[in-house]
Amino acid sequence: MAHFVINGGHRLEGSVTIGGAKNAAVAIIPAVILAGESCVVENLPQIEDVRILEQILRHMGADVDFTPDGAMRVDPKGINTNTVTFDMVSRLRASYYLLGAMLGRYGHAEIALPGGCSIGQRPIDQHIKGMRALGADVVIERGVVKAHAKKLVGAEIYLDVVSVGATINIMLAAVGAQGQTIISNAAKEPHVVDVANFLNMMGASVKGAGTDVIRILGGRKLHGCTYAIIPDQIEAGTFMIAAAATHGDVVINNVIPTHLEAISAKLMESGAQVIEGDDGRDFFIRVSSNSRARAVNIKTLPYPGFPTDLQQPMMAYLSTAQGNSFVVENIFEDRFNHVAELQRMGANITLNARTAMIEGVAQLSGAPLFATDLRAGAALIVAALAAEGQSQVHNIGYIDRGYEFFEQKLRALGADIKRVE
Ligand code: EPZ
């Protein structure tokens, strides 16, 4: 199996360009089904999750190809099935968006329950609650969610937990429902707004995305469109943390700085320098550090709080900070699988339920490491880049799911990383 070999201790220096947002892409590609016409999706990240969705749509009968500049053109007219089987979705958590999109378009969908990262239980009860409120019969049988509606009708839906997936999935189904849907306690993540913008570009009426109340006026006639996905907040945050962890100096291009405020604030609190700028074409963020980090406390929260997806890379960074950092994971109950690996590199971390106490050590040392999920993989790479000596990072299939050209981008910044097949 492929793995990364990393010789740590090199400062990251130079500039890197961020790709399109994974978590927007995995919702926008299925959302094309709602248009019923061909759509072109630009600024897609070149990652495994996108390739899996491309295969699923082709398998369902959609026509998928790529424009000369790399945008994906999806024509959903040929879709000839309402069923997506486990073999197709087993590697893709976000396959649940096919449920909302197909229910909204055809009134019928049967989707095997998703696979993806193991970071906790990850129920989908709020997705189901929303679809039932719109009038769908939803049952789970033998690992398949079956949703069926003679007619979807807009409804008022209060989410019991702030869920990105449920907010987006209900938005997708509600676009196909007659009348108004109101989602309260909605997630406000940048990719929720991006999906709403895409739906509006297709002719839908989605208002309030980015606040905790979203109103959808469903039943409008939709059409094809061309849409460019926003830059990936988490990829950008990962490079910001890696720059600080290696005492580097990196300009991160193609970012939306407001999406990164929580990360910038915490990096600055730890003593790193973070500068936002505009080069006339793109916004950029420059992160540099020339001294040992100071300990900081982190609590993960829904946006605009500190993102759970950066909790793991941040812990790798804080492993060598001066003093004790407390990290509280409020979103997923089991997102600490990276801790055992960091401990093998010499990190001093104590876990107590959802809280990790990190007593900073002067230096981590390289070791054989195993990624257990996507962001755990990113955390191990950050740790290995900053560590003394050589590390091998295994299970990099997780990392390929969500980071495009990761090792090439890191190598261009001066990292000593290579993929060994
Ligand atoms: C999305 O997952 C992202 N995935 C995750 O990114 C991200 O970590 C997460 O949002 C939080 O920001 C995609 O966008 C594809 P949630 P999602 O529904 O939608 C509970 C990454 O590394 N919950 O916002 O599955 C749930 O258990 C990945 O890129 C319910 O109880 O997350 C969790 O505690 C991993 N019932 C909380 O809500 C539900 O029906 C938030 O989950 C749904 C969720």
Side-chain angles (χ1 to χ4, degrees), residues 19-31 45 47-50 52-53 89 91-100 113-133 138 140 145 157-173 183 185-195 212 229-230 232-238 259 262-263 300-314 328-335 337-338 354 371-379 398-404 406:
K22 167 179 94 76
N23 288 342
V26 295
I28 285 175
I29 297 170
I47 54 173
E48 199 52 31
D49 271 11
V50 166
I52 296 172
L53 267 171
V89 301
R91 286 178 300 142
L92 181 68
R93 171 86 199 155
S95 51
Y96 50 44
Y97 292 135
L98 290 161
L99 189 70
L113 281 171
C117 286
S118 62
I119 52 179
Q121 287 182 40
R122 306 190 74 182
I124 57 164
D125 57 300
Q126 299 302 304
H127 303 230
I128 293 174
K129 168 181 164 175
M131 290 177 198
R132 285 189 178 140
V138 187
I140 301 180
V145 195
I157 300 159
Y158 171 81
L159 295 181
D160 302 335
V161 289
V162 179
S163 160
V164 172
T167 302
I168 293 179
N169 227 347
I170 296 167
M171 255 172 19
L172 298 179
I183 309 174
N185 200 26
K188 296 181 279 206
E189 266 67 4
H191 34 291
V192 173
V193 179
D194 210 33
V195 176
D212 52 14
I229 288 179
I230 50 166
D232 196 302
Q233 173 205 26
I234 306 301
E235 186 196 8
T238 306
H259 295 171
I263 301 110
T300 64
L301 287 170
Y303 187 81
F306 193 92
T308 171
D309 293 348
L310 289 173
Q311 174 262 107
Q312 294 149 297
M314 197 68 182
V328 183
E329 172 54 59
N330 288 310
I331 309 295
F332 293 110
E333 69 279 10
D334 196 15
R335 210 170 197 180
N337 288 327
H338 54 298
R354 287 175 178 244
T372 48
D373 60 79
L374 167 60
R375 309 299 172 189
Y398 286 118
I399 300 169
D400 292 337
R401 283 189 39 211
Y403 288 89
E404 63 170 21
F406 205 18

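Atoms within a ligand are numbered from 1 in the order they appear, just like the ligands themselves.
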Exercise. Quick one: look at His127 and ligand 1, take heavy-atom pairs under 4.0 Å, and tell me if it's side chain, backbone, both or neither.
Key: both
Quiz item: Do Arg335 and Asp309 meet the salt-bridge criterion of a basic N to acidic O distance under 4.0 Å?
Solution: yes
Quiz item: Hey, does Val164 come in under 3.5 Å of ligand 1, counting only N/O atoms on both sides?
Solution: yes
Quiz item: Quick one: does ligand 1 sit under 4.0 Å from the side chain of Val162, the backbone, both or neither, non-hydrogen atoms only?
Solution: backbone
Quiz item: Does ligand 1 have an atom that lies less than 4.0 angstrom from a heavy atom of Asp373?
Solution: no
Practice problem: Heavy-atom contacts with Lys22 under 4.0 Å: which atoms of ligand 1 show up? List them by number with element. | Solution: 21 (C), 29 (O)
Quiz item: Going by distance only, is there an N or O of Gly165 that falls short of 3.5 Å from an N or O of ligand 1?
Solution: yes
Quiz item: Any idea which part of Ser163 is under 4.0 Å from ligand 1, heavy-atom wise: side chain, backbone, both or neither?
Solution: both
Practice problem: Decide whether an N or O pair under 3.5 Å exists between Val161 and ligand 1. | Solution: no
Quiz prompt | Atoms in ligand 1 with a heavy atom of Ile124 nearer than 4.0 Å | solution = 39 (C), 40 (O)
Quiz prompt | Test item, Gln233 contacting ligand 1 (heavy atom, 4.0 angstrom) | solution = no
Quiz prompt | 4.0 Å heavy-atom contact, Pro123 with ligand 1 | solution = yes
Practice problem: Check whether any heavy atom of Tyr96 sits under 4.0 Å from an atom of ligand 1. | Solution: yes
Quiz item: Among Gln126, His191, Arg375, Arg122, which residue places a heavy atom closest to atom 21 (C) of ligand 1?
Solution: Arg375
